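Below: the structure, in structure tokens.
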Amino acid sequence: MGNLVIFPIIIPIIIGMIMVIFRKNIMLQRALSIVAVVSIFAVSLVLMQQIKIDGIQVLQLGGWEAPFGVSMVADMLAVILVMVTSIVALCCLIYAFYTIGRDRELFYFYPLFLFLITGVNGSFLTGDIFNLFVCFEVMLVSSYVLISLGGTKIQLRESIKYILVNLISSFLFLVAVAYLYAMTGTLNMAHLSVRIAEVGQDGVMTTVAILFLIVFSLKAGLFLFFWLPGSYSAPPTAIAAIFAALLTKVGIYSIMRVFTLVFYHEPEVTHLLIGVLAAITMLLGAFGAVAYWDIKRIITYNVVVGVGFILAGVASLTAEGITGSIYYLIHDMIVKALIFLLGGTIIYLTGSSNLKEFSGLMRLQPKFGWMFFVAALSLGGLPPLSGFLGKIFITEGTFATGYFWLGGIGLLTSLMVLYSVMKIFMNGFWGYTDVPEESATKSLKGLLLPMGILTGLTITLGLGTQWISEYVDLAVEVILNPTIYIEAVLGSAFLE
């Protein structure tokens with residue numbers, strides 16, 4: 001069963017390569033893309049049950065035992081994120097069928113989409129820090145093309161900034177990996193944990209840790225998010241939604257994994273720094289969200305706030321904080337995809353992203369309006385929706401560590417987030433119907449299904465948390481006890 005670990009990576013890349021051959025057969029590409037993401041979902045469910053029964057699943061590529069070969073490691077956290085990725089990808093694909101346009105479909109949209117999923121899943125499942133870099137690049141190269149696909153002026157302008165920032169961060173990533181290998185002689189993350197525990201995390205090692213934090217912060221949009229609002233508002237809605245749901249989450253996952261498995265020995269330096277950056281990120285993102293009357297800007301700045309909030313729990317390094325971060329990470333992947341699809345649909349209906357130019361959409365599209373209302377409440381973390389439990393645990397974790405300032409900022413910015421999205425609801429959906437005449441005749445056929453699935457999920461996760469709590473608890477246990485991960489990858493001999 002260990003071979004299943006590689007399936008969420010090889011399924012999308014193989015099907016993506018097949019789809020390149022059939023460039024002009026759009027219906028076949030659509031069908032194959034759905035088959036790919038549904039297959040990944042099925043594999044992730046099997047892996048979750050396997051991990052629950054037998055523990056962490058490890059595949060040593062090429063038969064080379066760790067730390068000499070490349071390890072693929074499926075612990076509960078990684079597989080949960082792979083499963084949520086497949087759900088979000090499915091919804092964004094269905095939405096893209098009706099909105100992305102034939103020109104983009106002919107220029108390899110679906111293969112690029114699957115290559116992006118390949119990089120995301122590879123980042124979650126790799127047990128080697130250089131392989132993490134490789135998976136980042138697979139993901140980023142696909143995103144470079146997707147963000148510019150269509151060639152509009154704003155896409156080309158924002159893609160230049162996006163590509164330059166990520167090229168710089170990739171270069172810094174390689175520098176950090178080189179220093180780490182020179183100091184430890186290994187790149188296997190489990191082996192790195194053992195080596196650093198043996199030699200100690202001195203000043204030089206902590207400096208390398210901070211360099212990794214800078215790299216992952218650029219990827220995640222933690223503090224260094226200046227590139228994000230423009231880049232995520234430029235591409236078509238389906239692409240922007242998958243970016244908002246997944247790309248920053250890979251950076252968040254990397255910080256969570258590396259700073260709980262490898263660099264966890266000097267939390268008064270590294271984790272305090274993560275907490276400070278998370279606080280600044282939440283504040284700046286919230287100020288941006290409430291300041292604008294442009295829908296795209298409001299929802300992209302809310303992505304920034306979510307990054308800071310998740311990492312506030314990681315900074316606490318407590319069971320409560322990590323539990324909250326995982327719950328909120330799952331929630332954020334779902335609700336960010338949903339809010340971007342909803343925001344894009346508002347713009348499709350009205351022809352404008354300026355809230356001052358239209359109102360009263362609720363009378364034209366009541367189902368759509370109530371979906372947005374649920375998404376807004378969920379994004380604000382109100383009970384009983386999916387964001388509430390994660391918020392409670394993260395706040396509890398920050399308070400338990402003594403970071404009252406961090407928990408307080410999290411609660412304050414949650415109110416600001418709620419205000420920003422309710423501003424869209426109150427101004428765009430409520431009041432007299434004041435929209436262009438053609439809006440009354442526009443159909444949402446096909447678009448309500450993916451948004452309805454995501455809306456149902458955010459309600460289900462809030463009301464039925466006990467269904468996933470045992471899986472989240474298993475993920476938290478591995479995060480807080482690195483020896484479980486190390487023993488699964490290297491064997492008990494390395495712990496003696």
Side-chain angles (χ1 to χ4, degrees), residues 77-78 80-82 84-85 88 116-126 129-144 147 161-177 189 209-229 231-232 240 242-263 270-271 273-278 280-282 284-285 300-315 322 325-326 328-330 332-333 336-337 479:
L77 173 60
I80 288 173
L81 296 182
V82 168
V84 179
T85 295
V88 169
L116 180 79
I117 300 302
T118 300
V120 171
N121 289 345
S123 299
F124 292 149
L125 293 170
T126 184
I129 205 159
F130 181 76
N131 208 33
L132 177 63
F133 167 78
V134 173
C135 293
F136 261 100
E137 293 308 300
V138 172
M139 175 186 74
L140 289 172
V141 169
S142 303
S143 71
Y144 296 158
I147 196 174
K161 179 170 63 178
Y162 176 79
I163 292 169
L164 285 175
V165 168
N166 280 288
L167 286 175
I168 292 169
S169 67
S170 296
F171 170 74
L172 293 175
F173 198 167
L174 277 178
V175 171
V177 167
M189 286 193 274
I210 293 173
L211 181 56
F212 273 104
L213 180 58
I214 292 170
V215 170
F216 296 143
S217 295
L218 277 166
K219 307 286 188 185
L222 176 67
F223 182 58
L224 303 170
F225 63 82
F226 58 91
W227 56 271
L228 191 150
S231 299
Y232 282 19
I242 202 71
F243 280 15
L246 300 183
L247 297 196
T248 56
K249 307 311 181 293
V250 175
I252 292 171
Y253 169 81
S254 301
I255 292 174
M256 187 180 292
R257 177 67 73 193
V258 170
F259 285 87
T260 57
L261 177 63
V262 180
F263 302 116
T270 53
H271 290 69
L273 180 58
I274 292 172
V276 171
L277 294 177
I280 297 171
T281 302
M282 285 189 285
L284 294 178
T300 51
Y301 273 104
N302 275 311
V303 173
V304 174
V305 179
V307 171
F309 201 79
I310 295 166
L311 290 172
V314 176
I322 298 296
S325 290
I326 294 174
Y328 206 86
L329 182 56
I330 297 167
D332 204 60
M333 292 171 74
K336 285 303 188 308
I479 289 290

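Values in this document were obtained by computation on a predicted structure and should not be read as measured data.
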K161 and S231: side chain donor to acceptor below 3.5 Å: no

Would Y162 and S143 count as having a side-chain donor-acceptor pair, cut-off 3.5 Å? yes

What orientation do F309 and Y328 show, parallel under 30°, tilted 30 to 60°, or perpendicular over 60°?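 Ring orientation of F309 relative to Y328: tilted.
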
With a 4.5 Å cut-off on side-chain heavy atoms, are [Y] and [X] touching?
{"X": "L125", "Y": "V82", "answer": "yes"}
{"X": "M282", "Y": "V307", "answer": "no"}
{"X": "L77", "Y": "R257", "answer": "yes"}
{"X": "L261", "Y": "I479", "answer": "no"}

Donor-acceptor contact below 3.5 Å, side chain [X] vs main chain [Y]:
{"X": "T281", "Y": "G308", "answer": "no"}
{"X": "Y301", "Y": "G285", "answer": "no"}
{"X": "T248", "Y": "G221", "answer": "no"}

Would you please test M333 and L81 for side-chain contact (heavy atoms from CB on, under 4.5 Å) and show each step? CA-CA 9 Å; M333 292 171 74; L81 296 182; 3.8 Å; yes

Testing the basics here: between [X] and [Y], what is the closest heavy-atom pair and its distance to 0.1 Å?
{"X": "I310", "Y": "M256", "result": "CG2-CE, 4.5 Å"}
{"X": "V215", "Y": "F173", "result": "CG2-N, 3.5 Å"}
{"X": "A244", "Y": "V303", "result": "CB-CG2, 3.9 Å"}
{"X": "G306", "Y": "K336", "result": "CA-NZ, 4.3 Å"}
{"X": "Y144", "Y": "L167", "result": "OH-N, 4.1 Å"}

Taken in chain and number order and not counting sequence neighbours, the residues that satisfy side-chain hydrogen bond (donor to acceptor under 3.5 Å, both in side chains) with S254 are none

Working to the nearest 0.5 angstrom, can you tell me the gap between [X] [atom1] and [Y] [atom2]?
{"X": "H271", "Y": "I274", "atom1": "NE2", "atom2": "CD1", "value": "5.0 Å"}
{"X": "T270", "Y": "I255", "atom1": "OG1", "atom2": "CD1", "value": "11.5 Å"}
{"X": "L222", "Y": "L228", "atom1": "CG", "atom2": "CG", "value": "11.5 Å"}
{"X": "F225", "Y": "T300", "atom1": "CZ", "atom2": "OG1", "value": "10.0 Å"}
{"X": "I80", "Y": "I330", "atom1": "CD1", "atom2": "CD1", "value": "5.0 Å"}
{"X": "F223", "Y": "L311", "atom1": "CZ", "atom2": "CG", "value": "14.0 Å"}

Side chains of residues 129-142: which donor-acceptor pairs under 3.5 Å do they make with residues two or more places apart or in other chains?
| residue | atom | partner | partner atom | Å |
| --- | --- | --- | --- | --- |
| N131 | ND2 | T126 | OG1 | 3.1 |
| E137 | OE2 | S170 | OG | 2.6 |
| S142 | OG | V138 | O | 3.0 |

The single option from L224, L218, I214 passing side-chain contact (heavy atoms from CB on, under 4.5 Å) against S169: L218

Go through the steps for I147 and F243 under the test side-chain contact (heavy atoms from CB on, under 4.5 Å), then give the verdict. CA-CA 9 Å; I147 196 174; F243 280 15; 3.9 Å; yes

With side-chain contact (heavy atoms from CB on, under 4.5 Å) as the test, would you mind laying out the steps for K249 and V120 before giving the verdict? CA-CA 9 Å; K249 307 311 181 293; V120 171; over 6 Å; no

Quick one, F216 with Y253, criterion side-chain contact (heavy atoms from CB on, under 4.5 Å). Give me CA distance, side-chain angles, the key distance, then yes/no. CA-CA 9 Å; F216 296 143; Y253 169 81; over 6 Å; no

More than 12 heavy atoms from other groups under 6.0 Å of CZ on F263: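 Yes.
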
